[in-house]
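First the structure, in the form of structure tokens, and then the observations on it.
Within every chain, numbering begins at 1; the chains are lettered A, B, ... in the order of the sequence lines, protein sequences first and strands thereafter.
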Amino acid sequence: MAVNLLDARGTPLEQQKFTFRELVQKPISKLDDDAFTRVRIILANGLEQQANRFQHMCSQINGELRQPLAAIRRVEHHQQTMINWLLSSDHSPIETTIGYEQVAIEATAAIAQQEPDPYLAQVYRFGLLEDFDHMYRYAALLDRVEGKDANNILQSYTDVLPGRATFDEHRHPHDDLRDHYDRKTAAPISKMNALTIMSGEYQTRDYYMNIGPTFSDPVARQLYAEIASIEEQHVTQYGSIIDPDETLLEKWLLYEANEAYNYYSFVESETNPRIKAIWERFLDYELGHLEMVKNLFMKYERRDPAEILPKTMPDPIPFESQRAFVRQTLKDEINLRTRGTEFVDKEQEGLHSREYRSHINSEGSPSNSVAEGYIWTPGTELTRQAAQA
Amino acid sequence: MADANKMGMNRTGMDMSPKQSEAMLKGSEMADAGPAGRRGMDQIRQAYFSEGDTVGSVPLPGSFSGALSSVKEKLQGNNPEVLINKLGQRLAFERAGVRLYEALIYKCQTSPDDTTSEIISVDSLKQFRNDEAEHFLLVHQIMESLGADPTAMTPDADVTALSSLGVSKVLTEPRTSVLQCLEAIQTVELTDNAAWTLLQELCLNMGLDDMAKQLTPAIEQEEIHAHTITQWIRQIAMKKGAGKALDSTDASTTH
């Protein structure tokens with residue numbers, strides 16, 4: 001399917017309407033649908049949530065754009081509703097968490113490989129190994145608290161192994177900042193990749209912050225508090241790679257283009273026809289938003305959107321197991337740390353982060369405690385223990 | 001709502017993706033995690049345990065000024081807060097039970113499954129729903145006679161509701177089958193039976209014989225609920241599994 005971001009008009013905004021019956025559709029099957037269908041749903045939810053958040057912030061700082069922002073934002077909100085409500089009620093909060101971490105691993109690994117800027121690719125690989133470890137910790141929690149196997153959610157696409165230990169991920173805020181891309185020279189895909197991953201991480205932070213207090217078990221309450229703290233670090237990291245000198249309308253153009261690019265990628269890979277129809281509909285909706293923002297860009301900035309947008313749609317994000325890449329990254333980069341915006345070996349890590357980590361872990365480490373001796377085993381670790389008995 | 005037993009493309013198991021599963025298993029051999037243990041988890045839990053810490057308190061009227069004089073005498077020398085807590089628990093449970101039965105009735109009325117509709121009596125379910133409503137009002141009246149506040153949520157009411165959160169999710173989920181819903185409500189009814197018996201024993205133990213007697217009809221009705229639900233579950237499972245119903249002697253119901 002050929003889509004051109006510069007020429008496509010999409011669905012006009014006035015035709016982008018919903019009923020509550022449409023917003024709340026039949027959910028996916030936790031048991032029968034492909035895990036990557038859930039991955040796309042969670043990522044799409046994050047993209048819509050971030051689009052909505054960005055557009056709210058814009059309204060706080062720009063009076064002239066309030067009306068088009070309000071109009072597009074309402075649609076983004078309803079798109080998010082339709083998408084997020086596709087998750088079925090039989091997902092426990094920890095099972096949904098496993099889905100979130102699968103998104104973080106598979107989407108970040110795919111984007112790290114297509115990112116043309118070597119420094120940004122390094123940023124993604126760095127974050128990847130941390131989310132990879134979160135998966136291991138949450139899988140242990142799911143097994144040891146709910147008695148369930150995380151692989152029922154992962155469907156064998158994603159490994160459950162220790163990554164860069166969550167214990168070691170706690171850093172001083174200044175060591176989470178990265179150099180940003182240059183708005184004038186960076187490839188459009190680099191700008192869009194940054195928005196995709198930041199959006200995914202932001203929703204993960206918010207999700208953990210919302211569900212963390214719903215747990216009774218102090219182990220779960222602490223683990224969610226700990227990993228939410230790292231997700232906050234990740235939002236800082238990925239937010240900081242975006243050029244702060246982009247104009248508001250430049251950013252808005254990129255957000256809309258990136259949403260369209262993601263839906264295009266979802267259409268290309270979706271295996272559930274009912275869900276694919278939603279992606280197709282929303283691709284057209286986003287192209288409609290993009291058309292409006294292109295006109296606003298020309299009106300207010302008197303510039304050509306072609307300065308910002310890619311001439312052709314980039315290759316779709318592949319939604320498939322990135323196991324080999326993740327294992328290689330794990331092998332090569334587990335000992336990386338940061339000092340300011342630089343990536344360094346753990347021996348060269350800055351003092352501020354060492355001190356920060358030493359304090360935050362000083363009364364115990366939930367992520368170490370929950371995974372004490374944990375080895376993922378098909379059917380839960382009780383299967384392994386029974387075999388060893 | 002299709003048949004919950006239909007076979008299909010369930011992707012949760014290792015056998016559904018042999019190549020990916022093989023790769024994943026090879027990866028798990030990379031893990032070197034030391035001996036499995038729960039010491040750290042226990043330490044975290046211990047750090048939050050504090051003797052005397054509760055989810056909240058029993059709202060006990062200080063002077064029992066609203067209590068009937070005959071009851072007031074009996075309560076003195078006992079621990080009335082235990083009774084108030086348990087009464088509050090039953091009140092909340094029965095009130096919630098009405099809503100659970102309403103959800104089950106809706107499920108049965110809209111189920112296209114002939115097997116279940118042949119076995120289950122919706123009229124009986126409606127009777128059970130009304131029984132639960134009566135039990136709620138009975139406990140309400142008893143609490144008022146003690147001078148206790150029937151609108152308050154007692155700690156045991158709160159925690160019992162926590163433990164049955166999933167039941168409501170099962171009953172209101174459009175994709176669940178009648179049999180799955182019956183099994184969910186069975187857990188409620190079995191718990192309910194035990195709890196009513198305990199409440200009566202508690203009243204007797206506190207010398208509140210008249211109050212204990214008031215509970216007897218409710219206990220008898222709850223026994224019928226649990227028995228009937230259990231029998232329906234058996235009948236449906238057997239018929240679905242073997243294609244034939246149980247002998248009538250094995251399947252006595254109020255149907």
Side-chain angles (χ1 to χ4, degrees), chain A residues 26-27 29-35 37 88-90 92 136 140-141 144-145 149 151-162 216-223 320-321 323-324 326-327 330-331 363-379 381-382 384-385 388, chain B residues 1-2 4-50 53 55 158-159 162-163 165-177 180 184:
Chain A
K26 191 175 97 159
S29 167
K30 183 178 90 174
L31 309 182
D32 290 4
D33 268 296
D34 189 272
T37 294
S88 54
S89 74
D90 49 345
S92 77
Y136 170 68
L141 183 77
R144 292 175 168 182
V145 172
D149 178 356
N151 197 42
N152 290 158
I153 299 296
L154 301 173
Q155 298 176 4
S156 298
Y157 288 124
T158 309
D159 284 340
V160 180
L161 288 167
S216 302
D217 190 337
V219 173
R221 292 172 77 86
Q222 277 205 1
L223 185 65
E320 58 197 20
S321 176
R323 192 190 318 277
V326 175
R327 282 191 191 168
L330 193 62
K331 194 171 159 213
E363 288 198 84
S365 163
S367 54
N368 278 353
S369 297
V370 76
E372 195 175 322
Y374 185 73
I375 297 176
W376 172 79
T377 310
E381 70 177 349
L382 295 184
R384 172 179 292 266
Q385 288 165 4
Q388 288 171 346
Chain B
M1 184 176 35
N5 300 303
K6 76 175 168 124
M7 282 203 266
M9 291 290 285
N10 182 315
R11 297 174 196 266
T12 57
M14 297 289 281
D15 292 349
M16 274 304 283
S17 44
K19 282 186 186 165
Q20 296 285 359
S21 294
E22 189 188 346
M24 187 142 175
L25 278 171
K26 276 189 184 157
S28 75
E29 290 163 10
M30 292 159 62
D32 179 16
R38 50 184 305 133
R39 194 174 46 88
M41 290 171 78
D42 288 346
Q43 278 173 353
I44 292 174
R45 288 168 181 150
Q46 185 61 33
Y48 289 88
F49 174 76
S50 166
D53 206 3
V55 296
D158 181 39
V159 172
L162 190 62
S163 69
L165 266 180
V167 175
S168 169
K169 289 192 74 165
V170 172
L171 286 161
T172 57
E173 163 68 61
R175 301 173 304 158
T176 52
S177 71
Q180 287 164 340

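- Distance check: Glu22(B) CD to Ser17(B) OG gives 11.5 Å after rounding to the nearest 0.5 Å.
- Of the listed residues (Ala23(B), Ser28(B), Gly13(B), Pro35(B)), the greatest number of heavy-atom pairs within a distance under 4.5 Å of chain A belongs to Ala23(B).
- A distance of 5.5 Å separates CG in Leu162(B) from OG in Ser216(A), rounded to the nearest 0.5 Å.
- For Gln155(A), the parts lying under 4.5 angstrom from a heavy atom of chain B are both the backbone and the side chain.
- Proximity to chain B involves both the backbone and the side chain of Ser89(A), based on heavy atoms less than 4.5 angstrom apart.
- Per-residue heavy-atom pair counts under 4.5 Å with chain B were compared for Asn368(A), Asp217(A), Asp149(A), Thr377(A), and the maximum is reached by Asp217(A).
- Ranking Asp159(A), Val160(A), Leu223(A) against chain B, the residue ahead of the rest is Asp159(A), based on heavy-atom pairs under 4.5 Å.
- Contacts of Gln385(A) with chain B are made by side-chain atoms alone, with heavy-atom separations under 4.5 Å and no backbone atom involved.
- In terms of non-hydrogen atom pairs under 4.5 Å with chain B, the most contact-rich of Arg327(A), Lys26(A), Glu381(A), Lys30(A) is Arg327(A).
- With a 4.5 Å cut-off on non-hydrogen atoms, Arg38(B) touches chain A through its backbone but not through its side chain.
- Judged purely by atom type and a 3.5 angstrom limit, Thr158(A) has no side-chain atom pairing as donor or acceptor with the backbone of Leu154(A).
- Contacts of Leu161(A) with chain B are made by side-chain atoms alone, with heavy-atom separations under 4.5 Å and no backbone atom involved.
- Tyr157(A) and Glu320(A) form no side-chain donor-acceptor contact under 3.5 Å, judged by distance and modelled atom types alone.
- Met24(B) and Trp376(A) get closest at one heavy-atom pair: CG-CZ3, 3.7 Å.
- Judged purely by distance below 3.5 Å, without hydrogens or angles, the side chains of Asn151(A) and Ser156(A) pair a donor atom with an acceptor atom.
- If you measure heavy-atom distances from Met16(B) to chain A, you find no contacts under 4.5 Å at all.
- A salt bridge is defined here as a Lys NZ or Arg NE, NH1 or NH2 lying under 4.0 Å from an Asp or Glu carboxylate O, and Glu173(B) with Lys169(B) fails to meet this definition.
- For Val326(A), no part lies near chain B; criterion is any non-hydrogen pair under 4.5 Å.
- Under 4.0 Å is where a charged nitrogen must lie from a carboxylate oxygen, and between Arg11(B) and Asp34(A) at least one such pair does.
- Between chain B and the options Ser88(A), Ala140(A), Ala324(A), the largest number of non-hydrogen pairs under 4.5 Å is found for Ser88(A).
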